[in-house]
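A quick write-up on the structure given underneath.
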Amino acid sequence: MGGGKQTEEIINILKQELQKFESPAIIIIAREKKDPFRVLISTILSLRTKDKTTISASKKLFGVADSPKKILKLNKKEIEKLIYPVGFYRRKAEQILKISGILITDYNGKVPDKINELLKLPGVGRKTANLVLNEGFGKLAICVDTHVHRISNRLNLVKTSEPEETEFALQKVLSKKHWIVFNTLLVTLGQNICTPVSPKCSLCPIEKYCPKMGVGKHR
DNA sequence: AAAACGGGGGC
DNA sequence: GCCCCAGTTTT
């Protein structure tokens with residue numbers, strides 16, 4: 001299935017050239033301790049939030065409680081205080097409590113490793129679920145967020161209007177060995193170079209593969 | 001002052 | 001399918 005020489009080249013170049021940039025927040029957090037629960041909770045925290053904020057809030061929270069059981073010993077106010085600088089902190093505190101309760105009662109305290117089960121949890125959509133499968137469990141999944149969606153379309157790897165379409169379109173285009181790294185590479189590229197507005201095309205290591213080369217400003 | 005931030009849920 | 005969410009940082 002799929003691959004394409006050009007896609008291979010793009011991924012290889014990105015692997016080489018993006019090493020100098022900091023990894024996305026969830027990768028950094030997962031690197032410290034590979035634990036699906038930490039990936040899940042920090043991904044919730046990262047929603048519409050900058051990486052630096054996500055990392056510091058995650059550290060604060062996990063310093064106090066990094067398991068469903070420990071989370072449930074806290075009340076909502078205490079969690080809010082720990083995660084405070086992230087956006088939507090009240091909603092997220094509630095979701096973290098609810099998720100922890102559900103994990104205890106329905107899943108024996110473990111994060112499920114099936115996407116349909118993950119999607120039942122409050123605050124968990126496809127992006128979060130796939131990232132948990134991907135980074136938490138090392139399972140084959142393509143996590144599509146705004147960066148992956150935007151850049152995949154800029155490169156004409158896919159022609160889609162919604163992230164969910166992108167996920168399924170990429171499954172046909174990408175060879176499976178790249179499914180897990182793809183998200184990290186494109187997020188890193190998207191945060192540092194191929195930004196939503198005013199992308200730094202002159203710094204882009206794959207500019208020659210980009211159909212919008214030289215446009216300078218594109219969506 | 002305004003836009004941006006690795007979405008998701010409610011209607 | 002549209003609209004709202006929440007507070008901090010960057011432009």
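Below, read A as the first sequence line, B as the second, and so on, with proteins coming before strands; counting in each chain starts at 1. Excluded from the calculations below are hydrogen atoms, water molecules and symmetry mates; all remaining heavy atoms, backbone and side chain alike, are included.
Regarding A:R126, its CZ atom lies at a distance of 12 Å from the P atom of B:dG9, rounded to whole Å. For the pair A:L118 CG and B:dG8 P, the interatomic distance rounds to 12 Å; values are reported in whole Å. In this entry the distance linking CG of A:L45 with C1' of B:dG8 reads 15 Å, nearest Å. To the nearest angstrom, P of B:dG6 lies 13 Å from CD of A:E22. In this structure, the CD atom of A:E162 is 12 Å from the C1' atom of C:dC2, given to the nearest Å. Taking atom CD1 of A:I41 as the reference point, atom P of B:dG8 lies 14 Å away to the nearest angstrom. Rounded to whole angstrom, the span from the CG atom of A:L47 across to the P atom of B:dG7 amounts to 7 Å. When rounded to the nearest whole Å, the span between CG of A:N134 and P of B:dG6 equals 17 Å.
Using a cut-off of 4.0 Å between Lys/Arg side-chain N and Asp/Glu carboxylate O, A:K98 and A:E94 are scored as salt-bridged. Note on A:K33 versus A:D66: salt bridge recorded, some NZ/NE/NH1/NH2 to OD/OE distance being below 4.0 Å. Taking the charged nitrogens against the carboxylate oxygens, A:E117 and A:K120 do have a contact shorter than 4.0 Å, which makes a salt bridge.
At distances below 3.5 Å, at least one donor-acceptor pair connects side-chain atoms of A:N183 with backbone N or O atoms of A:C143.
Among the protein residues, A:V86 comes within range of no part of the nucleic acid, since none of its heavy atoms lies under 4.0 Å from any strand. The residue A:T128 sits close only to the backbone: its heavy atoms come under 4.0 Å of sugar-phosphate atoms, none of a base. No contact: A:L186 has no heavy atom under 4.0 Å from any strand. Nucleic acid contact for A:P163: none, since no nucleic acid atom lies under 4.0 Å from a heavy atom of the residue. Backbone-only contact: A:Y89 has heavy atoms under 4.0 Å from sugar-phosphate atoms and none from a base.
Take the nearest nucleotide of DNA chain B for A:G123 and for A:S23: the residue whose nucleotide is more 5' is A:S23. Nucleotides of DNA chain B nearest to A:V124 and A:H147 differ in position, and the one nearer the 5' end is that of A:H147.
Partner of A:E135 under the side chain to side chain contact (heavy atoms under 4.5 Å, CB included) criterion, chosen from A:T184, A:T43, A:L40: A:T184. Looking at A:I99, A:T54, A:V39 one by one, the single match for side chain to side chain contact (heavy atoms under 4.5 Å, CB included) with A:I44 turns out to be A:I99. A side chain to side chain donor-acceptor pair (under 3.5 Å) with A:E167 holds for exactly one of A:R126, A:H149, A:K127; it is A:R126.
Taking a pair as Watson-Crick or G-U wobble with both distances under 3.5 Å, DNA chain B forms stems of 3 or more consecutive pairs at B:1-5 with C:7-11, B:7-11 with C:1-5.
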* For side chain to side chain donor-acceptor pair (under 3.5 Å), just list the numbers for A:T49 and A:K92, CA-CA rounded to whole Å, side-chain angles, deciding distance to a tenth of an Å, and then say yes or no. => CA-CA 12 Å; A:T49 302; A:K92 288 175 183 176; 3.1 Å; yes
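Shown here for A:P199 and A:T195, the closest heavy-atom pair between the two residues is CA-OG1, 3.3 Å.
Heavy-atom neighbours of A:N108 CG from other residues, nucleotides or ligands within 6.0 Å: at or below the threshold of 12. With a 6.0 Å radius and a threshold of 12 heavy atoms from other residues, nucleotides or ligands, A:K81 has its NZ atom at or below the threshold. More than 12 non-hydrogen atoms from other residues, nucleotides or ligands lie less than 6.0 angstrom from CD of A:E165.
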Table of protein N/O atoms under 3.5 Å from nucleotides 9-11 of chain C N/O atoms:
none

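Contact of the A:L82 side chain with the A:L74 side chain is registered, since non-hydrogen atoms from C-beta on lie closer than 4.5 Å.
One P atom belongs to C:dA6, the other to B:dC11, and the distance between them is 15 Å to the nearest Å. With C1' as the reference atom, B:dG9 and C:dT8 are 23 Å apart, rounded to whole Å. Comparing C:dT11 with B:dG6, their P atoms sit 13 Å apart, to the nearest whole Å.
Side-chain nitrogen and oxygen atoms of A:Y84 include none within less than 4.0 Å of the OP1 or OP2 phosphate oxygen of C:dA6.
Residues of residues 90-105 of chain A that place a heavy atom closer than 4.0 Å to DNA chain C, in numerical order, are A:R90, A:R91.
Closest contact between the side chain of A:F88 and the listed nucleotides B:dG6, B:dA4, C:dA6 involves C:dA6.
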